2 protein chains.
Amino acid sequence: MDRRQRKTREAIFNAFSEMLSNKSYSRITVQEIIDKADVGRTTFYSHFPTKDDLLREMCSELFEHVFSDAPEAEQTHDFSMTSGSSKEIVTHILYHLKEHGRRMSILLTCESGELFQRYFKQYFNNLVMIHILNPGKHKTTVVPEDFLIAHISASFVNIVQWWLENNMEQSPELLAEYFEAVTGPIV
Amino acid sequence: MDRRQRKTREAIFNAFSEMLSNKSYSRITVQEIIDKADVGRTTFYSHFPTKDDLLREMCSELFEHVFSDAPEAEQTHDFSMTSGSSKEIVTHILYHLKEHGRRMSILLTCESGELFQRYFKQYFNNLVMIHILNPGKHKTTVVPEDFLIAHISASFVNIVQWWLENNMEQSPELLAEYFEAVTGPIV
DNA sequence: TTCTTAATCAAACACTTTGTTCTGTAAATA
DNA sequence: TATTTACAGAACAAAGTGTTTGATTAAGAA
């Protein structure tokens, strides 16, 4: 990728995420973004066809960092999941979230963050299926499995939102305990 | 309220909610709304200063119907909440939701429905505090109470969304059981 | 270094959307 | 009936969108 492209891309990302903390997504105009990022109008549209694409790509890039080196099931010693190891994974992700705290915070709490939340749940769904839910274990449960997955993902997004609203005062370990406290009895 | 006002208001509500099933909120223009509702431009703006106000007022009106005659704590015989009575309340609300299914479905699943979801949780938070959470009972729990309330509300919204995505095939009673299954062990 | 490619910029463009303001008309209520 | 009050229609400025043009300028390869 061309150095100029990277530079432009980053400038737009920075300008955009900064603006999201002050203004709602829908009220931010392309004009304002290119003014703050100091790039030409043509340049912006050559990078991102629409404003939605800009948000989408910014989310993707962020998630790749957050979920990238989450411990894989193959790498753990025991194949049968214990609550301890799924807690580890949650803690791990929460640490990554804290690293990218500012931008995450902006995206998760900003008005019109529903697109972001959708992507977030989507990414987390895989982890829930692989790591947290023990496949085959819950066949006999009263609730359908797809509902259970959706419930746990939504609970995770919710806990992160609550965390961000409290300025991330609690430690990732404590958060993971909260998460286990409300989802543990189910899985 | 003037008969003409009511008529105009309803016409706009109907046009708007119909359009939300086809188009995303952000892409719907005032021009399209007034064309479909067949009202003048001036009229629209005299009713709703912005498009956001339109959505907000439509939500409020809907919620008042859904949450209106939910059984009050004062009307129940026992003041100490049992899981049975909270289940009753949930079932009751779900029945109301099913009545208004079409419009609820549109609002909860449409893109840019985050405002709606926020209002929904807001309304439900009160019920959680009064009916579902037994005040004083959870002081010793490991999780903070405000987190618990947020978690339960989010779980309820989530269950309703899942329900709508499945075309409301399940009965309200079964849904209430699911809800109890995932939140019951906590409260 | 030099050459070639590709990204950027500035300006202007047609177009859509927004929200306001005007005046005349029709319907509600007292 | 008389008097409010809501509505319609049209025109309006202001702002935003997405595209086109041609000229610069920087990057990467020879």
Side-chain angles (χ1 to χ4, degrees), chain A residues 1-61 106-107 110-116, chain B residues 1-61 106-107 110-116:
Chain A
M1 198 182 204
D2 198 306
R3 190 186 303 160
R4 287 170 294 181
Q5 282 189 30
R6 276 200 308 273
K7 204 181 133 197
T8 302
R9 204 180 156 85
E10 264 310 302
I12 291 173
F13 278 169
N14 286 331
F16 184 53
S17 62
E18 278 233 6
M19 298 180 75
L20 274 171
S21 56
N22 307 321
K23 238 177 186 176
S24 80
Y25 172 74
S26 54
R27 265 177 256 288
I28 294 173
T29 65
V30 175
Q31 190 60 54
E32 291 171 319
I33 298 173
I34 64 179
D35 283 349
K36 198 177 182 77
D38 196 31
V39 295
R41 190 166 193 73
T42 324
T43 308
F44 177 89
Y45 282 108
S46 73
H47 276 262
F48 309 102
T50 71
K51 219 173 58 179
D52 284 0
D53 291 297
L54 167 57
L55 179 62
R56 190 178 2 263
E57 292 210 25
M58 204 163 88
C59 288
S60 296
E61 200 158 276
I106 289 167
L107 288 172
C110 75
E111 194 187 337
S112 307
E114 86 291 341
L115 264 174
F116 181 83
Chain B
M1 198 182 204
D2 199 306
R3 190 185 304 159
R4 288 169 295 181
Q5 282 189 28
R6 277 200 308 274
K7 204 183 136 198
T8 301
R9 204 179 156 85
E10 265 309 303
I12 292 173
F13 278 168
N14 286 331
F16 185 53
S17 62
E18 278 233 7
M19 299 181 74
L20 274 171
S21 56
N22 307 321
K23 239 177 186 175
S24 80
Y25 172 74
S26 54
R27 265 177 255 288
I28 295 173
T29 66
V30 175
Q31 191 61 53
E32 292 171 317
I33 298 173
I34 64 180
D35 283 349
K36 196 177 183 76
D38 197 31
V39 296
R41 189 166 194 74
T42 326
T43 309
F44 177 88
Y45 282 108
S46 73
H47 277 262
F48 310 101
T50 71
K51 217 173 60 178
D52 284 0
D53 291 298
L54 167 58
L55 179 62
R56 191 179 359 264
E57 293 210 27
M58 205 163 87
C59 288
S60 296
E61 200 158 276
I106 289 166
L107 287 172
C110 75
E111 194 188 338
S112 307
E114 84 291 342
L115 264 174
F116 181 83

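Convention: sequence-line order gives letters A, B, ...; per-chain numbering from 1. Owing to the predicted nature of the structure, the values given are computational and were not obtained by experimental measurement.
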Query raised in the report: Under a 3.5 Å cutoff on both atom distances, Watson-Crick or G-U, what's the dot-bracket for DNA chain D ([ ] crossing, | other strand)?
Result: |||||||||||.|||||.||||||||||||
Query raised in the report: At what distance, to the nearest 0.5 angstrom, does CG of A/Asp52 lie from CZ of B/Arg27?
Result: 5.5 Å
Query - Base-contact (B) and sugar-phosphate-only (S) positions in nucleotides 23-30 of chain C, heavy-atom cut-off under 4.0 Å, - elsewhere - result: ----BSS-
Query raised in the report: Between which nucleotides of DNA chain D, read 5' to 3', does contact with chain A run, using atoms under 4.0 Å from its heavy atoms?
Result: D/dG16 to D/dG28
Query raised in the report: Contacts to DNA chain C from residues 38-50 of chain A, heavy-atom cutoff under 4.0 Å, which residues?
Result: A/Asp38, A/Val39, A/Gly40, A/Thr42, A/Thr43, A/His47
**Report entry** Heavy-atom closest contact (A/Lys51 atom, A/Ile28 atom, distance)
**Finding:** NZ-O, 2.7 Å
Query raised in the report: Which atom pair, heavy atoms only, marks the closest approach of B/Met58 to B/Ser17?
Result: CE-CB, 3.7 Å
Requested in this report: Measure the distance from CD on A/Gln5 to C1' on C/dA6 and round it to the nearest whole Å.
Outcome: 9 Å
Query - Of all pairs that satisfy side chain to side chain donor-acceptor pair (under 3.5 Å), the ones with a partner from residues 37-49 of chain B, not counting sequence neighbours - result: B/Gln31-B/Arg41
Query raised in the report: What's the spacing between A/Ile33 CD1 and A/Thr29 OG1 if we round to 0.5 Å?
Result: 7.0 Å
**Report entry** Sub-4.0 Å heavy-atom contacts from residues 29-37 of chain A onto DNA chain D, ordered by number
**Finding:** A/Thr29, A/Val30, A/Gln31
Compile the donor-acceptor pairs under 3.5 Å between side chains in residues 4-16 of chain A and protein atoms, sequence neighbours left out, one pair per line.
residue : atom : partner  : partner atom : Å
A/Arg4  : NE   : A/Asp2   : OD1          : 3.4
A/Arg4  : NH2  : A/Asp2   : OD2          : 3.1
A/Arg6  : NH1  : A/Met1   : O            : 2.9
A/Thr8  : OG1  : A/Arg4   : O            : 2.9
A/Arg9  : NH1  : A/Glu57  : OE1          : 3.0
A/Arg9  : NH2  : A/Glu57  : OE1          : 2.8
A/Asn14 : OD1  : A/Arg103 : NH2          : 3.0
A/Asn14 : ND2  : A/Glu10  : O            : 3.3

Requested in this report: Please list, chain by chain and in numerical order, all residues satisfying side-chain hydrogen bond (donor to acceptor under 3.5 Å, both in side chains) with B/Ser60, sequence neighbours excluded.
Outcome: none
**Report entry** salt bridge (Lys or Arg N to Asp or Glu O under 4.0 Å) involving A/Glu18 - partner list, sequence neighbours excluded
**Finding:** none
Report summary line: To the nearest 0.5 Å, atom CE of A/Met19 lies from atom CD of A/Glu32 at 4.0 Å
Query - Any side-chain heavy-atom pair of A/Leu55 and A/Phe48 under 4.5 Å - result: no
Report summary line: For B/Asp53, the salt bridge (Lys or Arg N to Asp or Glu O under 4.0 Å) test, sequence neighbours excluded, returns B/Arg56
Query raised in the report: Are OP1 or OP2 of C/dT8 and a side-chain N or O of A/Thr8 less than 4.0 angstrom apart?
Result: yes
